[in-house]
Amino acid sequence: MTEQEKKQLQERIIAVQERIARAAERAGRDPQEITLVAASKMNDAEHVRAAIAAGIRVCGENRVQELVEKYEQNAYEGADLQFIGTLQTNKVKYLIGKVSLIQSVGSVHLGEAIAKEAAKRGVRQDILLEVNIGREPAKSGLMPEELDDAIARLSEKDALHIRGLMAIPPIADEITKNSGYFNEMHQVFVDNRAKKYDNVNMDYLSMGMTNDFETAIACGANMVRIGTAIFGARPYQIVSP
């Protein structure tokens, strides 16, 4: 990266942090309550290191292979590392011991696979349960009505610690910015936080990305996953004229 590119990255990070702070303040919340997860998909180790040097404290990766490659290059040194993408059970073994939090646990089957691998390693893995709040057939995640059973079953696993919920609503429209889905998701979060289970602490509600994170914060999110606003458009997002 050139010095100019590093400067531009730092400016984008500062701008995002300021937007998060303003959104929290408008909602009468403490900006310190909001965790920014920099979604570093398709950005190499150099860009990740530059982002950490510019103030990023939490990195989120969507792809296991990409995470492992950058991990071996010490890309995440100085930051917390989380997994935020779709996860297959046969890839779980590559994450345990590397990530502090697996956000995208969208089935009991996947949670059980994580518990089994974590127990084998002698660790307790923090997870978020992914909720398919938009009820989209093509997306993974638990339906809201499936949460009770999933939490009850996975809370019995000593090698798991359920830390909250995560959602990826449908693509945000420009008018509502997903406020309906975010409000519904916050209510699901509040309802489940009131219940008492072993190995469950409803600490995090992870929702909101580049196009809608300010609305997500207004609706109660305390963790947002932002990629494009930090790192710029990824190659597949750039449309040729």
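Applying the side-chain contact (heavy atoms from CB on, under 4.5 Å) test to Ala38 and every residue at least two apart in sequence or in another chain returns Ile56, Ile230, Phe231. Lys120 pairs by the side-chain contact (heavy atoms from CB on, under 4.5 Å) definition with Glu117, not counting sequence neighbours. Considering only residues two or more places apart in sequence or on other chains, Ser100 meets the side-chain hydrogen bond (donor to acceptor under 3.5 Å, both in side chains) condition with Asp80. In this view, Glu112 and Arg153 satisfy the salt bridge (charged side-chain N to carboxylate O under 4.0 Å, His left out) rule, not counting sequence neighbours. Every side-chain hydrogen bond (donor to acceptor under 3.5 Å, both in side chains) that Glu69 has, sequence neighbours left out, goes to Gln65. Take Arg163 and apply the side-chain hydrogen bond (donor to acceptor under 3.5 Å, both in side chains) test, not counting sequence neighbours, and it matches Asp126, Asp203. With sequence neighbours excluded, the residues satisfying side-chain contact (heavy atoms from CB on, under 4.5 Å) with Asp44 are Glu46, His47. With sequence neighbours excluded, the residues satisfying salt bridge (charged side-chain N to carboxylate O under 4.0 Å, His left out) with Glu33 are Arg29. Scored by the side-chain contact (heavy atoms from CB on, under 4.5 Å) test, Ala115 finds Lys157, Leu160 as partners (sequence neighbours excluded). For Tyr181, there are no side-chain hydrogen bond (donor to acceptor under 3.5 Å, both in side chains) partners, not counting sequence neighbours.
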Side-chain polar contacts of residues 16-28 - donor-acceptor pairs under 3.5 angstrom, sequence neighbours left out - could you list them?
{"unit_1": "Arg19", "atom_1": "NE", "unit_2": "Glu214", "atom_2": "OE2", "d": "3.1"}
{"unit_1": "Arg19", "atom_1": "NH2", "unit_2": "Glu214", "atom_2": "OE1", "d": "2.9"}

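In the model, Tyr76 has a side-chain atom that pairs as donor or acceptor with a side-chain atom of Glu61 under 3.5 Å. Counting only N and O atoms by type, the side chains of Gln187 and Asp191 include a donor and acceptor under 3.5 Å apart.
Atoms CG and OG, from Leu128 and Ser104 in turn, are 8.5 Å apart once rounded to the nearest 0.5 Å.
The stretch residues 84-93 participates, sequence neighbours left out, in no side chain to side chain donor-acceptor pair (under 3.5 Å) pair at all.
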